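Reading through the structure tokens given below for one structure.
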Amino acid sequence: MRLSRYFMPTLREAPSDAQVVSHQLMLRAGMIRQEAAGIYAWLPLGLRVLKKIEQIVREEMDRAGAIEVLMPTLQLADLWRESGRYEDYGDEMLRITDRHKRDLLYGPTAEEVITEIFRAYVKSYKDLPKNFYNIQWKFRDERRPRFGVMRGREFLMKDAYSFDVDEAAARRSYNRMFIAYLNTYARLGLNVVPMKADPGPIGGDLSHEFIILADTGESQVFCHKDLIEMGAPGDVDWDGDLQPLVEQRTNLYAATEEMHDEAAFAAVPEDKRLSARGIEVGHIFYFGEKYSKPMKAEVAGPDGQNRPIHGGSYGVGVSRLTGAIIEASHDEAGIIWPDAVAPFGVAVINLRPGDAAVDEVAETAYQALIAAGKDPLLDDSDQRPGAKFAAIDLVGIPWQLVVGPKGVADGTVEIKRRATGEKQTLPLEQALKVITA
RNA sequence: CGGAGUGUGGCUCAGUCUGGUAGAGCACCGCGUUCGGGACGCGGGGGUCGCAGGUUCGAAUCCUGCCACUCCGACCA
């Protein structure tokens, strides 16, 4: 992409509405535009990041055996009356009436819809387990939206729903999602800690929140340090027994403020105790027959008798992750994108557009990076060097390849790694090798 | 939903107390000098001062009502 033909409206100053750093940086980098409280338009740069996160989430869901569907944003109130949640949900649900005076709602989640789909087709235990997911916009009319896209009213969520014949099978589905989540966050370049969450009315131990650690996180969290260094399991035998992998992580102490147990935390060796700020970026739970019973999602068992399925649901805040990654990865100059989600892989900065020799080197570098699949952004704009450096630092592109008259005169370019600030002056071919390595 | 605050060009803000021809910086347009970490000079364009009433000879400024947005608290991917 050539910057001169792109749309990347950066701001020198943060709009005063934005208080948290990720919100300020997203606005300054021209990623989003606020349209109303908690509702954002995604500008080209922000959309690129959002799509990359979405794709990683998708790939990890697929790998864990979940099946993608796309459910509508608008749902029928009648379905929610079946589950009993239409009245329960309260003012957070955005209710709409169509021209036929039919009650609709903008879905805050999709248990009802997926259960309706499931029960229409699946009748036998032989067809289980099944896990359907969708990546779709949700709307929750929060009393107080804030923190930019981290707490919006409209947000992009990946929600998965598992269907199993009994609780033991449901636990296996839960474990698959547990591992898939760890893998997903690891690919996004995040340190994530699974923490015991409030299981709600169902009870049991099958509810976890996934928290990333960031100094500016909204809640206080407590955990055993080993959890952070443990890393993600990666590809596993998804049909095998995942319980040991899950237990390895759930046996160590980890809790958010609400679930915190001071006595249990005190039992953790002192040098392993970590108290930090965190941001919730995922939540998984098992809810048993909560929806299958009232909505009659039943399958026949081996004995020929119908029984309600055991369900679980698994959410990742995709749009929230955009902000959360920034909270976890930025400096005074701006955003530092992990390579996996960066809007562009490399910025080729032409310091002197119009200078034939400089243009030629910049163009050569640009074409080579396209060929190498590095998705480069060529800054061919007519701005002063300082402004270019500042803007590219701000938007957080992982590599910078700087082509200027001085370097061109002695056959070199400069490359800079955004995360470390480390710079090297090299001949172009070597510079390209470093970047594409 | 309780409490607090803010609405003035795209962005940051001054002006409001004490009514009297709407300002600055950044951004934008033109010309020139510049050009390796957000340049400088000269010239220029752009604002129903959130909206609606009211008071007044005269309202960004005073009064009333409404709306929007932000922050703190209780709840959430």
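We name chains A, B, ... by the order of the sequence lines, and we start the count at 1 in each one. Small disclaimer: the values here were computed from a predicted structure and weren't measured.
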Notebook entry, point to check: Say you pick atom C1' in B:A52 and the same atom in B:G46; how far apart are they, in whole Å?
Noted result: 26 Å
Please tabulate, for side-chain N and O atoms in residues 13-21 of chain A, each donor-acceptor pair with protein atoms closer than 3.5 Å (sequence neighbours left out).
from, atom 1, to, atom 2, distance (Å)
A:Q19, NE2, A:S16, O, 3.0

Notebook entry, point to check: Who passes salt bridge (Lys or Arg N to Asp or Glu O under 4.0 Å) against A:R48, sequence neighbours left out?
Noted result: A:D375
Checklist line | Within residues 351-362 of chain A, residues whose heavy atoms come under 4.0 Å of RNA chain B | finding: A:L351, A:R352
Margin query: If the condition is ring-ring contact (aromatic ring centres under 6.0 Å, His included), which residues does A:F118 pass it with, not counting sequence neighbours?
Written below: A:F163
Notebook entry, point to check: Hey, is CG on A:D91 packed in by over 12 heavy atoms from elsewhere, all under 6.0 Å?
Noted result: no
Check: How many Å lie between CD1 on A:I349 and P on B:C35, as a whole number?
Finding: 19 Å
Margin query: Return the pairing partner of B:G58 with a 3.5 Å limit on both distances, Watson-Crick or G-U wobble; otherwise return none.
Written below: none
Margin query: Between B:U61 and B:U55, how far apart are the two C1' atoms, rounded to whole Å?
Written below: 13 Å
Margin query: Checking base pairs now: Watson-Crick or wobble, both atom distances under 3.5 Å. What partners B:U18?
Written below: none
Item checked: Distance, C1' atom - from B:C57 to B:C1, rounded to whole angstrom -> 46 Å
Check: Looking only at atom P, what distance separates B:C42 and B:G19, rounded to whole Å?
Finding: 36 Å
Next item on the list: Take atom CD of A:E332 and atom C1' of B:G38, then tell me their distance rounded to the nearest Å.
Entry: 15 Å
Check: Looking at A:D215 and A:R277, does any basic side-chain N land under 4.0 Å from a carboxylate oxygen?
Finding: no
Check: Does A:E92 pair with A:R143 as a salt bridge, N-O distance under 4.0 Å?
Finding: yes
Checklist line | Minimum-distance nucleotide (side-chain atoms of A:L394 versus B:G36, B:G38, B:C71) | finding: B:G38
Margin query: Both distances below 3.5 Å, Watson-Crick or wobble geometry, any strand: find the nucleotide opposite B:U70.
Written below: B:A4
Next item on the list: Would you kindly say whether A:T73 and A:Q136 are connected by a side-chain donor-acceptor distance under 3.5 Å?
Entry: no
Between the protein and nucleotides 28-34 of chain B, list the N/O to N/O atom pairs that are separated by less than 3.5 angstrom.
from, atom 1, to, atom 2, distance (Å)
B:U34, O2, A:R384, NH1, 2.8

Check: With rounding to whole Å, what would you report as the distance between B:G53 and B:G15 at their C1' atoms?
Finding: 25 Å
Write out a two-atom table: protein N or O, nucleotide N or O from nucleotides 75-77 of chain B, distance below 3.5 Å.
from, atom 1, to, atom 2, distance (Å)
B:C75, O2, A:R151, NH2, 3.1
B:C75, N3, A:R151, NH2, 2.9
B:C75, N4, A:R146, NH2, 2.9
B:C76, O2', A:R140, NH1, 3.4
B:A77, OP1, A:H283, ND1, 3.2
B:A77, OP2, A:E280, OE2, 3.3
B:A77, O3', A:E280, OE2, 2.5
B:A77, O2', A:G317, N, 3.0
B:A77, N6, A:G152, O, 2.8

Check: Paired with B:G46: which nucleotide, if any, by Watson-Crick or G-U wobble criteria at under 3.5 Å for both distances?
Finding: none
Note to self: Strictly by side-chain hydrogen bond (donor to acceptor under 3.5 Å, both in side chains), give each pair with a member in residues 183-196 of chain A just once, sequence neighbours left out.
What the structure shows: A:E59-A:R187, A:E60-A:R187
Note to self: Under a plain distance cut-off of 3.5 Å, with no hydrogens placed, do A:Y253 and A:H260 share a side-chain donor-acceptor pair?
What the structure shows: yes
Next item on the list: Output yes when a side-chain donor or acceptor of A:R63 lies under 3.5 Å from a complementary backbone atom of A:A180, and no otherwise.
Entry: no
Next item on the list: Mark yes when over 12 heavy atoms from residues, nucleotides or ligands other than A:E360 sit less than 6.0 Å from its CD; otherwise mark no.
Entry: no
Item checked: Between B:U16 and B:G7 - C1' atom distance, rounded Å -> 13 Å
Next item on the list: May I ask you to verify if any side-chain N or O of A:Q19 is less than 4.0 angstrom from the OP1 or OP2 atom of B:C72?
Entry: no
Checklist line | Where at least one partner belongs to residues 2-34 of chain A, residue pairs that pass ring pair (Phe, Tyr, Trp, His ring centres under 6.0 Å), sequence neighbours excluded | finding: A:Y6-A:F344, A:H23-A:Y40
With the criterion being N/O to N/O and under 3.5 Å, what pairs connect the protein with nucleotides 6-11 of chain B, and how long is each?
from, atom 1, to, atom 2, distance (Å)
B:C11, O2', A:E13, O, 3.4

Item checked: Pair partner, B:A39 [Watson-Crick or wobble, under 3.5 Å] -> B:U33
Next item on the list: Return yes if a side-chain donor-acceptor contact under 3.5 Å exists between A:D164 and A:S173, otherwise no.
Entry: yes
Check: For RNA chain B, whose closest nucleotide is more 5', that of A:H23 or that of A:P385?
Finding: A:P385
Notebook entry, point to check: By side-chain hydrogen bond (donor to acceptor under 3.5 Å, both in side chains), which residues pair with A:D62, not counting sequence neighbours?
Noted result: A:Y133
Item checked: Side-chain H-bond candidate by donor/acceptor type, A:Y291 with A:R85, under 3.5 Å -> yes
Item checked: Counter-base of B:C75, judged by Watson-Crick or G-U geometry with both distances under 3.5 Å -> none
Item checked: Salt bridge present between A:D331 and A:R418 (N-O < 4.0 angstrom) -> yes
Checklist line | Paired nucleotide for B:U64 [Watson-Crick or G-U wobble; both distances under 3.5 Å] | finding: B:A52
Check: Does anything in residues 404-427 of chain A reach RNA chain B, meaning a heavy atom under 4.0 Å, and if so which residues?
Finding: A:G404, A:P405, A:K406, A:G407, A:E414, A:K416, A:K423
Item checked: Strand-adjacent residues in residues 36-46 of chain A, judged by heavy atoms under 4.0 Å from RNA chain B -> A:A36, A:A37
Margin query: So does A:G148 get a backbone contact from the side chain of A:Q34, meaning a donor-acceptor N/O pair under 3.5 Å?
Written below: no
Check: When the P atoms of B:C11 and B:G47 are considered, how many whole Å apart are they?
Finding: 15 Å
Next item on the list: Find the distance A:I392:CD1 to B:G36:P and express it as a whole number of Å.
Entry: 17 Å
Next item on the list: Between B:A14 and B:C40, how far apart are the C1' atoms? Round to whole Å, please.
Entry: 25 Å
Note to self: If we count only N and O atoms by modelled type, under 3.5 Å, do the side chains of A:S83 and A:E111 hold a donor and an acceptor together?
What the structure shows: no
Item checked: Donor + acceptor pair across side chains of A:H283, A:S207 (<3.5 Å) -> yes
Notebook entry, point to check: Is A:E54 salt-bridged to A:R58, cutoff N-O under 4.0 Å?
Noted result: yes
